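Chain letters run A, B, ... following the sequence lines, proteins first and then strands; every chain starts at 1. No experiment lies behind these values; they were computed from the predicted model shown.
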Amino acid sequence: VTRRLLPWAGLVLVVAVTLAVVLWPSGDRSDAARARALSEEFRCPECQGLSAADSSAPTARAIRADIRDRVESGQSDAEIRQAMVDRFGESILLRPEGGGLGLVVWGLPVAALALGGAGLALALRRWRREPTMHATAADEALVDQARS
Amino acid sequence: MTSHPLRWIALGVGVAVAGLAVVLALQVGDDQLQAQPRSELLGDPAPDFTVTTFDGEEITLESLAGKAVIVNFWNSWCIPCKQEEPALKEFYEQHRDDTDFALVGIVRDDTKGAARKAVGARDIEWPMGTDPGGRAALDFGTRGQPETYAITPDGLVAGTQYGPASVENLETLLATARGQR
């Protein structure tokens, strides 16, 4: 049983470490790095498909300057996001929020992955249980002959 | 069907993927920010802007307290701004002597020189000022120009017009700012 579980435990460990590295907020970010990361979260209001970090449009420049000021004045990331949403609405966010339509956008792929994983696990169990070769009538006749 | 849980799971995956596809299909191609029909600031206190006119006069929202204020974001090179100019001129002529009214143009995304030249060449008579650092444009949550905001005498945002406004649009904005609608 231990030998069978070992690969699964390894897989869980690899996934957990990867998620931790990707999602864990890095603690020692400079103000400039924080401002840069935040400006990547906002849509440039007047250009299609660009973040405020990547656009040279005046409003994008003003957004970057405003974020820098807010970071320097000690505002939290959540406060800065809220300030932008208060002016432009939630559509200023390039990443959907966790509620409303955002819940669907985040939730459906997770649900599809979970269901797909469950299906795969069930299928693997079934394939393991079911013999892949079936005895033919000739095989059974041979067995009967040997027994008699 | 109950004896085949795999089918249910496959159905669930299919529904989730189809749902996601529908959501994405409805969203992709729309610039949600541009398509947003109304300002987030409606009913909220208007940002206290400071603009400096080409004559060197400083205009702040605070200095216009007690008036119904129409703020128009404009620049010299934008075609819709040019299209809007006759309506703004007619509207301004009708109300320029109203003591409870102010129209302020704020230059958005333009150089001071080009804006000043255009104001002179096109006989724009209402106060027009520059917006250093795009502060006012940001605080109003503008997405382009022209954009027009109506502010009540006590400083609340009462209405917005995205894109060129007609005289009727401007009259409606002013009436809303005055509390007549």
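Taking B:D44, B:T142, B:V15, B:L41 one by one and counting their heavy-atom pairs under 4.5 Å with chain A, the maximum is reached by B:T142.
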Requested in this report: I would like to know whether B:R122 and B:S76 meet side-chain contact (heavy atoms from CB on, under 4.5 Å); could you show each step before the answer?
Outcome: CA-CA 10 Å; B:R122 299 189 208 160; B:S76 67; 4.1 Å; yes

Requested in this report: Could you please spell out the steps behind the side-chain contact (heavy atoms from CB on, under 4.5 Å) verdict for B:W77 and B:K82?
Outcome: CA-CA 8 Å; B:W77 51 262; B:K82 267 188 186 168; over 6 Å; no

Query raised in the report: Does the salt bridge (Lys or Arg N to Asp or Glu O under 4.0 Å) test come out yes or no for A:E72 and A:R68, once each step is laid out?
Result: CA-CA 6 Å; A:E72 280 166 19; A:R68 279 195 301 275; 5.8 Å; no

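Looking at A:A65, there are no atoms closer than 4.5 Å to chain B (heavy atoms on both sides), in backbone or side chain.
Two residues are said to be in side-chain contact when any heavy atoms from C-beta on lie closer than 4.5 Å; A:F88 and A:T59 meet this criterion.
Linking ILVMFWY residues whenever their side-chain heavy atoms come closer than 4.5 Å, directly or via other members, leaves B:V69 and B:L156 in distinct clusters.
Within residues 146-153 of chain B, no residue has any heavy atom less than 4.5 Å from a heavy atom of chain A.
Looking at A:D66 and A:R70, a side-chain N of the basic residue comes within less than 4.0 Å of a carboxylate O on the acidic one, giving a salt bridge.
Around atom CD of B:Q180, more than 12 heavy atoms belonging to other residues, nucleotides or ligands sit under 6.0 Å away.
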